[in-house]
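To keep things clear, I will list the structure first and then write my remarks on it.
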Amino acid sequence: MKKLFGIVAMVVLSAGAVEYYVDSAAGDDAAAGTSPQAAWRSLAKVNAAELRPGDVVRFKRGGLWRGSLVPRSGEPGAPVTYTSYGTGTKPILQQSVDRSRPEDWFELKPGFWSTRVATPKLYEAVWAPRADDECGPSFQEGMKGTLRKMSEEGGAPFWRVTCTGEGARRGPHLIQVWGPKMANFPGGVVLKMQVRASKPFPFRGVRLMQGSYPWTGSHAGDLLRRDQLVGAEWREVSVLLTEIKGAKLTADPCFHLAIGDVLPVGGTFDFRILGAWRAEVDPTVSIPADVGIFICDHGARWGVKKWRNPDWDVPKTPKWEKSVRMENDLDFCYDPDDMRVVVKFPRNPGEAFKSIELAMTRHVVNENGRHDVVYDGLWVRYGAAHGFGGGSTRNITIRNCDICWIGGGLQFWRRDEKTGKVLYPVRFGNGIEFWGNCAGNLVERNRLWEVYDAALTNQGRNDDETDVTWRDNVIWNSEYSFEYWNAKLTRNIRFEHNTCVDAGSGWAHEQRPDPNGAHLMYYSNRAATTNFVVRDNIFCRATEWTCRSALDWRYGLLHSRNLVWNEGDVPTMRWKEGKDRRLYPWTDYVKELQMDLDSVFAEPQFVDPAKRDYRLKPGSPGYTLASDGGPVGARNMPGLDGDQSAP
């Protein structure tokens, strides 16, 4: 049902279903949540709620929530729905940290500014070592070793772990050390240790856990600095332990250290625990995940991401050498060791811009494994992974949403399969992605812009992708409008009545290692494919090509009644790869490949493209081209009823 500005979306409730309300400004997580006057406040409360099939969660318009929405599944005919209430702009969900204030930055060196680094304040000691403290080892999966208390001249006693035999498997649990009891700790504690090892490895952190089933933990923590490798010489490290909320222990917790599989046979790891102190630290200071987009004044300007990795031998090519040099204003990098961002700029960025949002590499909506969920009327933005992400989904509906400024975060460092050598970083990020197995999903009447990779995609390596419909969406300034590939089974995919404009013209294009602006990106589809329909769409302007396909799977693919336009000598199709690669202009593409035989190559005349009104004017090419004799492109166009947010 169409939603009008200022009117609550009509949702038919199942018997016994409950409507919940969330207000980011005036809500209270201790409230019932069942009326606007008793609304919840936080995304954490929504994620923790035991929602049932048919329940509806309404976010207040004009509100903003930071973090990931993790939905609950419904059942066929009774989905769990996430939507809105009230008046104003769509409720905003975003995965960014706000660093807009001058005090959020300090000058690291002339012309380079850093976000603040979290430094805990230490108070009284809460634990001290004793001479009779004992530690015990746990060797798993066939791993063998010893743990002995040692001493050396002029030094305090320490414990030595020695690996004497490798197990058949790998993993972080293979060598574990259990230590003295550490009970009744406050919410925040800094634990100090001295460590050394015969082979350098990154320290994994510490937990306080009860030493019997169900192995419940009271505290968990990581190093204050993540770059602290354990080396051959003694080194003092500090671990910030924070309380695990809601943990129910049946015994006092003990020191627990997971060494894993890092020690070779004959290798040793030495440690001594120096003590623990009550600590306070502002958890909002650190930036805990890679930052993919540096967004100034909500997109008026943006940064260019650079890379730092001490294990990367940067290839001597202009592309990669440029990727590590911070030469221009707003070049930035993420420092994972101190969990901060460093940017090149002539003055304090917090004084130069009204707003600075740093998009972290996490999904804004993480729907992995979910089914029977409806999202209606949300504004999903500022996340450096996916807007909507997750695998193995079914019966998902996403409608009337705005998705923008998505992607660009670090997915992984590509390594040589034989040597393990770091080769290069891989960035990623799609607006709406159905990864792996998916079935019965509908995406309609959304607007998507400024996406690092694909605005819309269903993709997988060896999966079943069936009955997915993409219709009436408007897309601009994304590297790809639609991406698809698979290697097992694909059936009944319909991409119809979408308006796709200016592929490759967004923030990401110039900073990609592989500029690849295209509306349809098929890559290498090896799946048994039937009834894959691309029909009644507008594909207007792309920087590289309209469509790219590495393999020939025309037996299962229909392109029909689309309006296509490119300027200059931009080809319509990049066809196949290697010695068989061809770049086809429109006429040759239609003639040689026999695709889009009833489509038109002409420039669309939009009503008001400056205001993103991409309706076709009467008389424009494509105005009577669609299968039903009407206009191609998005129908009932989003953004024109006052219900959408400004781009």
Side-chain angles (χ1 to χ4, degrees), residues 76 371-372 388 391-399 430 432-446 454-473 475 480-500 518-539 546-564 572-576 589-590 592-600 622 625-635:
H371 59 86
D372 298 283
F388 291 81
S392 299
T393 58
R394 67 179 189 275
N395 300 334
I396 302 292
T397 296
I398 305 173
R399 63 164 60 98
N430 300 314
I432 299 173
E433 177 184 283
F434 299 133
W435 168 258
N437 295 309
C438 60
N441 296 344
L442 169 64
V443 176
E444 63 179 359
R445 204 174 178 271
N446 303 286
L456 306 172
T457 178
N458 54 276
Q459 56 181 259
R461 291 194 178 93
N462 191 31
D463 304 289
D464 292 348
E465 302 178 20
T466 62
D467 303 302
V468 179
T469 298
W470 314 85
R471 68 187 180 203
D472 294 318
N473 301 288
I475 301 162
Y480 325 138
S481 296
F482 178 63
E483 179 184 2
Y484 158 74
W485 46 277
N486 190 18
K488 186 183 177 184
L489 173 69
T490 301
R491 181 177 63 240
N492 299 335
I493 309 297
R494 308 182 77 86
F495 190 84
E496 297 180 311
H497 278 290
N498 300 287
T499 298
C500 307
H519 287 299
L520 298 170
M521 182 62 71
Y522 295 143
Y523 281 118
S524 299
N525 176 41
R526 294 180 171 85
T529 305
T530 56
N531 198 33
F532 197 114
V533 177
V534 179
R535 180 167 53 199
D536 297 337
N537 304 285
I538 297 173
F539 300 116
T546 301
C547 182
R548 174 178 170 179
S549 183
L551 299 175
D552 185 353
W553 51 286
R554 287 173 290 175
Y555 64 88
L557 173 66
L558 173 66
H559 279 205
S560 175
R561 295 190 173 275
N562 299 298
L563 177 61
V564 180
T572 300
M573 171 67 82
R574 172 173 165 170
W575 182 249
K576 297 188 176 180
Y589 155 74
V590 174
E592 296 294 329
L593 300 183
Q594 294 290 290
M595 298 175 69
D596 276 306
L597 293 172
D598 52 1
S599 297
V600 171
L625 177 62
S627 304
D628 61 3
V632 294
R635 304 276 182 92

| message | side-chain contact (heavy atoms from CB on, under 4.5 Å), that's the test. Do L551 and R526 meet it? Break it down for me. | response | CA-CA 8 Å; L551 299 175; R526 294 180 171 85; 3.5 Å; yes
| task | For residues I398 and N446, report the shortest heavy-atom separation together with the two atoms involved. | result | O-ND2, 3.0 Å
| Reported CZ-to-OG distance for the pair R574 and S549, which is rounded to 0.5 angstrom | 11.0 Å
| said: Please identify which of these residues, F532, W575, Y523, meets the ring-ring contact (aromatic ring centres under 6.0 Å, His included) condition with W553. | reply: F532
| task | Would you please name every residue forming a ring-ring contact (aromatic ring centres under 6.0 Å, His included) with F539, sequence neighbours left out? | result | H519
| message | Could you measure the distance from the SG atom of C438 to the CG atom of N395? Nearest 0.5 Å is fine. | response | 11.0 Å
| said: Pairing donors with acceptors under 3.5 angstrom, does anything connect the side chains of N525 and T490? | reply: no
| request: Apply the test side-chain contact (heavy atoms from CB on, under 4.5 Å) to residues D463 and K488: give CA-CA distance (whole Å), side-chain angles for both, the deciding distance (0.1 Å), then the verdict. | output: CA-CA 5 Å; D463 304 289; K488 186 183 177 184; 5.5 Å; no
| message | Using 0.5 Å steps for rounding, measure from the OG1 atom of T393 to the CG atom of N441. | response | 4.0 Å
| Any chance CZ of R554 has more than 12 other-residue heavy atoms, nucleotides or ligands included, within less than 6.0 Å? | yes
| request: Take R535 and E496 through the salt bridge (charged side-chain N to carboxylate O under 4.0 Å, His left out) test and state the conclusion after the steps. | output: CA-CA 5 Å; R535 180 167 53 199; E496 297 180 311; 2.7 Å; yes
| task | Quick one: closest heavy-atom pair of N473 and W470, and the distance? | result | ND2-C, 3.9 Å
| Nearest atoms (heavy-atom pairs only) where I396 meets H371 | CD1-CA, 4.1 Å
| request: Quick one: pull up CG in N437 and CZ in R394 and give me the separation to the nearest 0.5 Å. | output: 10.5 Å
| message | Using side-chain heavy atoms (C-beta onward) and a distance below 4.5 Å, is S481 in contact with L520? | response | no
| Check: N492 and T466 side chains under 4.5 Å, non-hydrogen atoms | no
| request: Would you confirm whether D536, through its side chain, and V632, through its main-chain N or O, come within 3.5 Å as a donor-acceptor pair? | output: no
| task | In sequence, state the C-alpha distance, the side-chain angles, and the governing distance for F482 and M521, and then conclude on side-chain contact (heavy atoms from CB on, under 4.5 Å). | result | CA-CA 6 Å; F482 178 63; M521 182 62 71; over 6 Å; no
| query | Does D598 reach the main-chain N or O of S560 with its side chain, forming a donor-acceptor pair under 3.5 Å? | reply | no
| task | Give, for atom OG of S524 and atom CZ of R548, the distance between the pair rounded to the nearest 0.5 Å. | result | 8.0 Å
| Heavy-atom closest contact (R635 atom, A626 atom, distance) | NH2-CB, 3.5 Å
| task | For the pair L456 and F495, evaluate side-chain contact (heavy atoms from CB on, under 4.5 Å) and give the outcome as yes or no after the intermediate values. | result | CA-CA 10 Å; L456 306 172; F495 190 84; 4.0 Å; yes
| note | When N531, V534, I493 are each screened for side-chain contact (heavy atoms from CB on, under 4.5 Å) with L557, the one that passes is V534
| task | Check whether any side-chain heavy atom of L442 lies under 4.5 Å from a side-chain heavy atom of R471, and answer yes or no. | result | yes
| task | Test N458 against every option in E465, E483, E433 by the side-chain contact (heavy atoms from CB on, under 4.5 Å) rule and name the one that passes. | result | E465
| query | For the residue pair T529 and A527, what are the closest heavy atoms and their distance? | reply | OG1-O, 2.9 Å
| query | Measuring from H559:NE2 to Q594:CD, what's the distance to the nearest 0.5 Å? | reply | 14.0 Å
| Side-chain donor/acceptor of D628 to backbone N/O of G630, under 3.5 Å | yes
| remark: When every non-hydrogen atom of A528 is compared with those of Y555, the smallest separation belongs to CA-OH, 4.0 Å
| field | Expected output: side-chain N562 to main-chain N537 donor-acceptor under 3.5 Å | value | yes
